[in-house]
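Here is the structure we will look at.
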Amino acid sequence: MRPRSIRGRITALVTLLALLLLIPTALAEGAVGRQAVTDGIWLSARRQADLTAAAVRLGRLSQPVRPEVGGVGFVQVVNSGHQVVDASRRARGLPVLSRVWPTPLDPERDVETCTSTAHLGCIRIAALRVEPEANSPVVYAGRPAASLNSTEIFGRFFGLQDGLLIILAAWATWVITGRTLKPVKAISADLAAINGNDMSTRVPEWPGQDEIAQLARTVNGTLGRIEDAKRVTDQALGRQRQFVSDASHELRTPLAGLRAELEEARLHPAETDLPDLLDHTLYDVDRLESITTDLLLLVRVGAEGDAARTRVDLSELVEREVVRRLDRLPVRLHVEPGVTVHAAVPQIVRVLMNLIDNAQRHARHAVEVYLRRGVGYVELSVTDDGPGILAGDRERIFERFTRLDTARSRNHGGTGLGLAIARDIAHAHGGTLVAAESPGGGARFVFRIPVCDD
């Protein structure tokens, strides 16, 4: 029995409240109306009795008595012997209207009497003693009680009025609630039409600051965030698919070379140079190991979080790691002492080694490493005097498995993940890694992370 819709519930509630408020009001109004009519009847009868008694006292009573108050048609003047001495046209020939006889102490009485005489039914009568003397006549003035049926008109009128008000309240609530909730239906329909492939649809926004307008704006804001999240997710999935494809391709190349060499040795064992075969196979195995190690590091960079980070004297770390290397070209250090950061030491070392390895592959005569402290950040830069990087390639080189023309040879280049790993480490530490041009015309990689507050 409970309405399912909000519209139905509100209409039912308003209707119930209207019933609870208007029905008692209608009953009270009907009672008051009936009482007012009844009081009016008694007053008219009393007034006619007063007028007739005054005429008797002045000796001006007409024969027959002519009622002066509308509706009061029964008037009798009865003497002390209970005999009718004069009467109105309608009361002529009738017996005394009432046996009630007012006394000098109670000269006026209101009486309702019922008789079958002349089919009069019940009559409301005002009995008034003309004078206080014992032989004073009494005036009876009355009107049929049947006229009181007119009081029912008030009850019916107020009942009909309140019934119409209840119906009007229910109808108005239904219509107004429907119009108010119409935008909600439109929002629901638009939301139901949205599919996962196209998140650009928006619900209509209504002007104003009411709840419906706020709901529409909130829904559109949520749809916008969902669309942005979907775009980011799609981009991440696209990068993941591309990464898987590139990784499969990179792993397939050394595996294919390794298989070819082993199959060739099995087909022609007599012609196989075993030391040369082992050198080539070990090279391919080393390459596979490097790729898998770099892939594992890429996964771990963002997963380790702050737990693996400690306070590090970056100046000492850079000097120590560079001294350990045996490179084809000398590495010149320009290190500001006492530079400290909050970082994961293995990851910072990996960034330094990757940048130096990249510089060693492209430099002609020298590689330089700079470390300085800026305002709120630490800057580690590695430069070389090689051919440099074109401006259009300075972002692309950070993509996974990307090699420029000068480093496409897998026999001389790395795994293609070194710079991608270095940038991921920079981002994991809240920093940046960008490529630029060195003062000597070569490449310059600038690694920045937040400085450690003392």
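A donor-acceptor pair under 3.5 Å is absent between the side-chain atoms of His82 and the main chain of Val78, judged by distance alone. Proximity of a side-chain donor or acceptor of Thr173 to a complementary backbone N or O of Val14 within less than 3.5 Å is not detected. No side-chain donor-acceptor contact under 3.5 Å links Arg394 to the backbone of Phe398. Under a 3.5 Å cut-off, the side chain of Asn79 and the backbone N or O of Pro137 do not form any donor-acceptor pair. At least one donor-acceptor pair closer than 3.5 Å links the side chain of His429 to the backbone N or O of Ala344. Side-chain atoms of Ser438 do not come within 3.5 Å of backbone N or O of Thr383 as any donor-acceptor pair.
Under the side chain to side chain contact (heavy atoms under 4.5 Å, CB included) rule, Val351 has a single partner from Asp424, Ile425, Leu419, Ile449, which is Ile425. Between Leu317 and the choices Val312, Leu371, Leu352, the side chain to side chain contact (heavy atoms under 4.5 Å, CB included) rule is met once, by Val312.
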Give every donor-acceptor pair under 3.5 Å between a side-chain atom in residues 98-108 and any protein atom, sequence neighbours left out.
{"residue": "Ser98", "atom": "OG", "partner": "Val100", "partner atom": "N", "Å": "3.0"}
{"residue": "Thr103", "atom": "OG1", "partner": "Asp106", "partner atom": "N", "Å": "3.1"}

Would you give me the side-chain donor-acceptor pairs under 3.5 Å for residues 54-69, sequence neighbours excluded?
{"residue": "Arg57", "atom": "NH1", "partner": "Val130", "partner atom": "O", "Å": "2.9"}
{"residue": "Ser62", "atom": "OG", "partner": "Pro64", "partner atom": "O", "Å": "3.1"}

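At a threshold of 4.5 Å between non-hydrogen side-chain atoms, the residues Arg350 and Ile421 count as touching. At a threshold of 4.5 Å between non-hydrogen side-chain atoms, the residues Arg396 and Asp393 count as touching. The closest side-chain heavy-atom distance from Gln76 to Asp86 is not below 4.5 Å. At a threshold of 4.5 Å between non-hydrogen side-chain atoms, the residues Leu433 and Phe447 count as touching. Looking at Arg124 and Asp110, their side chains never come closer than 4.5 Å, going by heavy atoms from C-beta outward. Side-chain contact between Glu379 and Val446: present, with at least one pair of heavy atoms (C-beta onward) separated by less than 4.5 Å. The shortest side-chain heavy-atom distance between Trp171 and Ile166 does not fall under the 4.5 Å cut-off. Val75 is not listed as a side-chain neighbour of Tyr140, based on a closest heavy-atom distance of 4.5 Å or more.
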Go through the steps for Arg448 and Val378 under the test side-chain contact (heavy atoms from CB on, under 4.5 Å), then give the verdict.
-> CA-CA 5 Å; Arg448 288 181 178 179; Val378 171; over 6 Å; no
Go through Ile123 and Glu112 one step at a time and tell me if the side-chain contact (heavy atoms from CB on, under 4.5 Å) criterion holds.
-> CA-CA 6 Å; Ile123 300 177; Glu112 181 175 349; over 6 Å; no
From CA spacing to verdict: side-chain contact (heavy atoms from CB on, under 4.5 Å), Phe445, Leu355 = CA-CA 7 Å; Phe445 289 89; Leu355 295 181; 3.9 Å; yes
Side chain to side chain donor-acceptor pair (under 3.5 Å) between Arg225 and Thr222, worked out = CA-CA 5 Å; Arg225 290 191 296 271; Thr222 302; 3.2 Å; yes
Stepwise side-chain contact (heavy atoms from CB on, under 4.5 Å) test for Val341 and Val451 | CA-CA 5 Å; Val341 293; Val451 69; 5.5 Å; no
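Rounded to the nearest 0.5 angstrom, Leu21 CG and Leu165 CG are separated by 11.5 Å. Summarising the geometry, atom OH belonging to Tyr370 is positioned 8.5 Å from atom CZ belonging to Arg444; distances are rounded to the nearest 0.5 Å. Going from atom CG of Leu223 over to atom CG of Asn220 covers 6.0 Å, rounded to the nearest 0.5 Å. With rounding to the nearest 0.5 angstrom, the CG atom of Leu314 is 13.0 Å from the CZ atom of Arg372. Put simply, CG on Leu97 and CD1 on Ile125 are 4.5 Å apart, with the number rounded to the nearest 0.5 Å. The distance from the CD atom of Gln48 to the CG atom of Leu43 is 13.5 Å, given to the nearest 0.5 Å.
A pairwise comparison of heavy atoms in Val339 and Ser315 identifies N-OG, 3.1 Å as the closest pair. The minimum heavy-atom distance between Ser136 and Glu131, with the atom names listed, is OG-N, 2.6 Å. Minimum heavy-atom separation, Ala343 to Ile348: CB-CG1, 3.6 Å.
For CZ of Arg231, the number of neighbouring non-hydrogen atoms (other residues, nucleotides, ligands) closer than 6.0 Å is greater than 12. The local environment of CZ in Arg46 is crowded, with over 12 non-hydrogen atoms from other residues, nucleotides or ligands closer than 6.0 Å.
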